[in-house]
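Structure, as structure tokens:
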Amino acid sequence: MTKRLKVSVIDGPDRGREFAFGDNQTLMIGRGSDSDTKIHDPALSRIHCSLQVLDRQIVLSDCESSSGTFLRGMRITSPQALTHGSVFKIGDSVLRIEDKQQLDAPTISADLSLGLQENFRPVSAPSTLLQATATTSGPMRPVHELEGETFLRFRLDNLISTGRNSFIFKGYDTKRDRLVAIKILKPQMATTDAQRERFIRAMRTMLPIVHPNIVRTRKAGRKGDYCWAALEWVDGISVSKLIESIGVGGMLPWQEVWRVAVHITRALDEASKRRIVHRNVTPSNILRRNQDHSYLLTDLILARALEYTDAPALTRPGDVLGELAYMAPELLLDSSNVDGRCDQYGLGATLYALLSGKPPYTAIDLA
């Protein structure tokens, strides 16, 4: 069988991988061993979606994935016909259909405006994947290939999630004999030496902060082009996962919501004493520790540090770095002139979502 088509991963942990398929063939896409792709993206289902060529027509179908398959910014609910150059999003990955005989065809950048959880740009812009260090040559490696490497004294054991601005690895502190979470900034967030140094300085302001409701920063640094921070390992679950388990119309016991309010208010009070404004208090940045059900705030200074990077390749006019549904209006109007009240808004929206299963206002873009 001639496999004249291919699907390329153009953004995400496995950027650069390609999978060929042909007429009257079904390509099962996912992260599981039963898929045809085994993409290293923790946000994918084991069998996430499929591509099938029938009578020379390419058909994309979602396979009841947990996070959905998106085409032109919309979650598909039925099989969709694609053409050469079509782009779709699954998990934290973006894929494009290509004809192997027409590989020099121009990129259809209009389809890259996928919106939702991330804003993507034409592939000619700097990559969202981790690049090789300054002393290393050769092609860019997929992120999961960093597993096993050591940054300073911290070993990267396995990639556990891919976020809007960074990759998170479960790691090990070889000097202190303890688990850590290692956050590696996506390179497009800091494209110059000056931007990377500003990020590292911002991370280092967190080192002296020790508070029972703030995820502690153990160390921060730079290795080649990689900006990284080693954080306290929290064995638990994010509040965003709690909200997903509730679902629309669900409800968390008010006593638990009150617990979230008290713990995170204490964290924000500590931040206020140090004149730190989080700017992105959302369910994904609050963790519940399994051991004692304490709630901890993470990424305390990350939003401000990323704003300092002024990454022009990341955003287009009107794009923002936070989660719109939890952002105070002033963050959109003038992000350089905000105070702790925007964090109070984010916490309030989070508490609302915990009680109702959804934020008070749902938004995926500024339109």
Side-chain angles (χ1 to χ4, degrees), residues 12-13 31 41-45 48 65-70 75 89-93 114-119 159-170 181 183 186 213-215 231-254 256-265 267-268 278-291 293-300 302-303 306 320-328 331 342-365:
R31 63 177 175 84
D41 182 344
L44 295 187
S45 297
H48 197 102
S65 64
S66 59
S67 57
T69 300
F70 295 86
R75 184 169 184 165
K89 181 177 185 291
I90 54 175
D92 293 311
S93 301
L114 298 176
L116 300 166
Q117 297 180 354
E118 297 213 22
N119 296 301
L159 178 68
I160 58 176
S161 68
T162 302
R164 182 188 305 273
N165 306 309
S166 61
F167 303 102
I168 308 294
F169 287 80
K170 184 176 183 179
K183 182 185 293 289
K186 290 185 176 180
N213 299 113
I214 296 175
V215 175
L231 310 173
E232 169 190 1
W233 176 259
V234 178
D235 187 11
I237 185 174
S238 70
V239 166
S240 62
K241 294 297 184 183
L242 287 178
I243 293 174
E244 288 178 13
S245 66
I246 297 170
V248 176
M251 184 175 180
L252 200 68
W254 72 264
E256 192 70 10
V257 179
W258 175 257
R259 190 180 181 89
V260 176
V262 170
H263 289 190
I264 302 307
T265 297
L268 293 177
H278 191 294
R279 297 166 176 258
N280 194 29
V281 177
T282 67
S284 60
N285 283 328
I286 300 174
L287 306 178
R288 186 182 72 180
R289 188 164 49 208
N290 290 336
Q291 180 182 3
H293 276 205
S294 290
Y295 289 90
L296 290 81
L297 184 64
T298 189
D299 284 352
L300 183 57
L302 183 61
L306 295 182
V320 294
L321 293 175
E323 295 182 43
L324 280 172
Y326 299 93
M327 292 182 69
L331 280 168
C342 72
D343 291 342
Q344 295 170 16
Y345 180 99
L347 177 57
T350 297
L351 299 176
Y352 183 99
L354 281 170
L355 287 171
S356 67
K358 61 181 180 180
Y361 178 75
T362 303
I364 60 174
D365 57 43

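For clarity, every value in this text was computed on a predicted model and none was experimentally measured.
- A pairwise comparison of heavy atoms in Asp41 and Arg31 identifies O-CD, 3.6 Å as the closest pair.
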Stepwise, does the side-chain contact (heavy atoms from CB on, under 4.5 Å) test hold for Trp233 with Leu231?
CA-CA 6 Å; Trp233 176 259; Leu231 310 173; over 6 Å; no
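- Between Asn213 and Ala267 the shortest heavy-atom distance is O-CB, 3.4 Å.
- Leu300 is listed as a side-chain neighbour of Ile214, based on a closest heavy-atom distance under 4.5 Å.
- To the nearest 0.5 Å, atoms CG (Asn280) and CG (Asp343) are separated by 9.0 Å.
- Without hydrogens or angle criteria, Arg75 side chain to Phe70 main chain gives no donor-acceptor distance under 3.5 Å.
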Identify each donor-acceptor pair in which a side-chain atom of residues 344-351 lies under 3.5 Å from a protein atom, sequence neighbours left out, and give them as a table.
unit_1: Thr350; atom_1: OG1; unit_2: Gly346; atom_2: O; d: 2.9

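- Residues Lys183 and Asp299 share a closest heavy-atom pair of CE-OD1, 3.0 Å.
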In sequence, state the C-alpha distance, the side-chain angles, and the governing distance for Leu297 and Val215, and then conclude on side-chain contact (heavy atoms from CB on, under 4.5 Å).
CA-CA 6 Å; Leu297 184 64; Val215 175; over 6 Å; no
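- Counting heavy atoms from C-beta outward, His48 and Thr69 have side chains that approach closer than 4.5 Å.
- Taken from CZ in Arg279 to SG in Cys342, the straight-line distance is 6.5 Å, to the nearest 0.5 Å.
- In this structure, Tyr352 and Lys358 approach most closely via the heavy-atom pair CD2-O, 3.3 Å.
- A heavy-atom distance below 4.5 Å is not found between the side chains of Phe167 and Ser161.
- Under 3.5 Å, the side chains of Ser67 and Ser65 contain no donor-acceptor pair of N or O atoms.
- Inspection of the Asn285 and Thr298 side chains reveals no N or O donor paired with an N or O acceptor under 3.5 Å.
- Looking at His263, its side chain never comes within 3.5 Å of a backbone N or O of Val260 through a donor-acceptor pair.
- Side-chain contact between Met327 and Thr282 is absent, with no heavy-atom pair separated by less than 4.5 Å.
- Considering all non-hydrogen atoms of both residues, Trp254 and Leu355 come closest at CA-CD2, 4.4 Å.
- Between Arg288 atom CZ and Leu242 atom CG the span is 4.5 Å, to the nearest 0.5 Å.
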Are Leu354 and Glu256 close enough, and set up right, to give a side-chain contact (heavy atoms from CB on, under 4.5 Å), and what steps lead you there?
CA-CA 9 Å; Leu354 281 170; Glu256 192 70 10; over 6 Å; no
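- Taking all atoms of both residues into account, the shortest heavy-atom contact from Leu159 to Pro13 is CD2-CB, 4.1 Å.
- Checked by atom type and distance alone, the side chain of Arg259 pairs as donor or acceptor with a backbone atom of His293 at under 3.5 Å.
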Worked verdict on Leu287 versus Val239 for side-chain contact (heavy atoms from CB on, under 4.5 Å):
CA-CA 6 Å; Leu287 306 178; Val239 166; over 6 Å; no
